[in-house]
S.K.: 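Could you have a look at this structure, given as structure tokens, before my questions?
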Amino acid sequence: MLPISEVSRLANEKNENHCGLLQHWIESSLVSMEIIKRGFHREVETTVELSPDVHSGVRVLLLHRWPRGVYVDPYQLASLSDLSDWKIILDSTIDLEGPAHKTTGFVTFVYPTPDGPTPTLLKVTIPIHGRYHEPSFVAETFTSVEIEPPELLLWTEKCMPLNNVEPHDVMEAPCTHHNSSSCQWVKQQHQQKERGPVNVQFPVGDGSLCGPVCGGTLLVTMLCCVALSKHMWEHRII
């Protein structure tokens with residue numbers, strides 16, 4: 001029977017070996033993002049290419065940090081996740097009607113494979129919607145919203161605790177989409193050149209037309225009221 005110190009040493013070595021593999025897997029993984037469709041309703045398609053030798057017990061998490069210029073519809077996401085493999089958690093309540101300048105950014109946690117083995121190629125498509133922005137007073141017809149690619153995080157119960165995974169960071173995040181407990185995830189540190197932010201253009205109103213539009217609306221309203229009053233008077237409609 002091995003002494004306690006020897007058992008502890010072997011356990012630490014085994015843990016360090018699994019942590020080393022975890023670092024190797026996250027360093028050799030690639031994340032790419034593409035935004036498709038036009039107008040106010042777009043789709044963010046994220047592709048994750050994991051290392052071919054990644055173990056099935058490794059969990060994958062995509063952390064999106066969304067700007068205030070866009071939003072996601074929780075009800076739409078719920079219906080989509082019910083029909084697909086991926087699951088999603090929102091870090092806050094989403095205001096579906098608020099304009100961009102009166103809202104804040106938010107975070108989503110996406111679990112591409114909540115159950116079962118982890119494939120080496122993962123794809124997640126999230127629908128996003130552009131918010132209304134303040135009108136422009138300098139004759140600009142579009143405004144730009146910068147969307148960052150998601151952060152890739154990996155976790156395995158065979159590498160616990162995460163003591164030394166430099167140069168990668170360790171962060172706390174929900175273990176699963178059930179959001180019942182937190183785990184320590186390893187976050188991919190290096191930023192690939194092709195993973196830069198994507199600028200999305202959304203149309204904005206022309207602020208210089210505010211006066212004419214308001215004046216014209218008021219004039220039309222008054223004319224309609226006069227015409228309606230005259231009609232009621234002539235036909236004795238009370």
Side-chain angles (χ1 to χ4, degrees), residues 29-50 59-116 118-136 140-155 171 173-179 185 187-188 191-192 194-205:
S29 298
L30 300 176
V31 178
S32 60
M33 182 188 73
E34 181 182 5
I35 298 181
I36 55 180
K37 295 188 176 181
R38 297 184 178 184
F40 278 94
H41 308 288
R42 311 286 185 101
E43 289 183 350
V44 176
E45 185 177 81
T46 302
T47 302
V48 181
E49 298 178 61
L50 298 175
R59 293 181 183 174
V60 181
L61 172 59
L62 294 173
L63 191 151
H64 289 264
R65 302 183 187 274
W66 303 99
R68 64 181 183 176
V70 298
Y71 71 93
V72 296
D73 187 338
Y75 305 102
Q76 183 183 21
L77 293 178
S79 62
L80 289 176
S81 62
D82 288 340
L83 301 174
S84 58
D85 294 332
W86 57 269
K87 303 295 180 182
I88 189 170
I89 300 176
L90 306 177
D91 76 326
S92 59
T93 302
I94 304 298
D95 184 353
L96 301 181
E97 302 295 337
H101 62 284
K102 291 186 178 181
T103 57
T104 59
F106 60 98
V107 174
T108 59
F109 302 91
V110 180
Y111 299 83
T113 55
D115 303 302
T118 302
T120 56
L121 182 63
L122 303 168
K123 283 193 176 183
V124 176
T125 301
I126 300 177
I128 63 172
H129 310 277
R131 292 191 180 277
Y132 291 107
H133 292 72
E134 289 186 290
S136 171
E140 292 183 353
T141 56
F142 289 87
T143 187
S144 179
V145 176
E146 193 173 84
I147 298 180
E148 293 282 350
E151 300 173 8
L152 174 65
L153 296 93
L154 298 182
W155 176 89
M171 68 171 294
C175 297
T176 67
H177 66 281
H178 298 295
N179 199 18
W185 296 75
K187 183 174 69 172
Q188 193 175 48
Q191 293 291 326
Q192 302 153 12
E194 64 271 18
R195 287 191 58 201
V198 177
N199 288 321
V200 181
Q201 300 289 323
F202 291 112
V204 294

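Along the sequence shown, residues are numbered consecutively beginning with 1.
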S.K.: Does D91 use its side chain to pair, donor to acceptor, with the backbone of V107 at less than 3.5 Å?
M.R.: yes

S.K.: Please report the shortest heavy-atom distance between A173 and F109, naming the atom on each side.
M.R.: CB-CE2, 4.2 Å

S.K.: What are the two closest non-hydrogen atoms of M33 and P149, and how far apart are they?
M.R.: SD-CA, 3.7 Å

S.K.: Is there a side-chain contact between L152 and L62, using heavy atoms and a 4.5 Å cut-off?
M.R.: yes

S.K.: Stepwise, does the side chain to side chain contact (heavy atoms under 4.5 Å, CB included) test hold for T47 with L121?
M.R.: CA-CA 7 Å; T47 302; L121 182 63; 3.7 Å; yes

S.K.: For the residue pair Q201 and R42, what are the closest heavy atoms and their distance?
M.R.: O-NH2, 2.9 Å

S.K.: For a 4.5 angstrom cut-off between non-hydrogen side-chain atoms, does L77 reach L90?
M.R.: yes

S.K.: Give, for atom CD of E134 and atom NZ of K102, the distance between the pair rounded to the nearest 0.5 Å.
M.R.: 8.5 Å

S.K.: Would you indicate whether the side-chain heavy atoms of C175 and R59 approach each other to under 4.5 Å?
M.R.: yes

S.K.: Contact between I128 and I147 at the side-chain level, heavy atoms closer than 4.5 Å - yes or no?
M.R.: yes

S.K.: Okay, side chain of R131, backbone of G98: is any donor-acceptor separation there less than 3.5 Å?
M.R.: yes

S.K.: With a cut-off of 3.5 Å and sequence neighbours excluded, list every side-chain donor-acceptor pair involving residues 63-71.
M.R.:
| residue | atom | partner | partner atom | Å |
| --- | --- | --- | --- | --- |
| R65 | NE | E151 | OE2 | 3.0 |
| W66 | NE1 | T108 | OG1 | 2.9 |

S.K.: Taking Q188 for the side chain and S29 for the main chain, is one N or O donor matched with an acceptor at less than 3.5 Å?
M.R.: yes

S.K.: Between OG1 of T125 and CD of E34, what distance do you get to the nearest 0.5 Å?
M.R.: 9.5 Å

S.K.: For D73 and Y75, work out which heavy atoms get closest and say how close.
M.R.: OD1-N, 3.0 Å

S.K.: Looking only at heavy atoms, what is the nearest atom pair of P74 and L96, with distance?
M.R.: CD-CD2, 3.9 Å

S.K.: Do the side chains of T176 and K87 get nearer than 4.5 Å, heavy atoms only?
M.R.: no

S.K.: Students often mix this up, so state it plainly: with edges at 30° and 60°, are the rings of W155 and W185 parallel, tilted or perpendicular?
M.R.: tilted

S.K.: Please check: side-chain N/O of K123 versus main-chain N/O of E45, any donor-acceptor pairing under 3.5 Å?
M.R.: no

S.K.: Could you label the plane-to-plane angle of the H41 and H129 rings as parallel, tilted or perpendicular, counting under 30° as parallel and over 60° as perpendicular?
M.R.: perpendicular

S.K.: Between atom NE2 of H101 and atom OH of Y132, what is the distance when rounded to the nearest 0.5 Å?
M.R.: 13.5 Å

S.K.: Side-chain contact test, heavy atoms from C-beta onward, threshold under 4.5 Å: evaluate it for L154 versus V60 and give yes or no.
M.R.: yes

S.K.: Report the C-alpha distance between Y111 and I88 in whole Å, list the side-chain angles of each, state the deciding distance to 0.1 Å, and finish with yes or no for side chain to side chain contact (heavy atoms under 4.5 Å, CB included).
M.R.: CA-CA 6 Å; Y111 299 83; I88 189 170; over 6 Å; no

S.K.: In sequence, state the C-alpha distance, the side-chain angles, and the governing distance for W86 and L80, and then conclude on side chain to side chain contact (heavy atoms under 4.5 Å, CB included).
M.R.: CA-CA 9 Å; W86 57 269; L80 289 176; 4.1 Å; yes

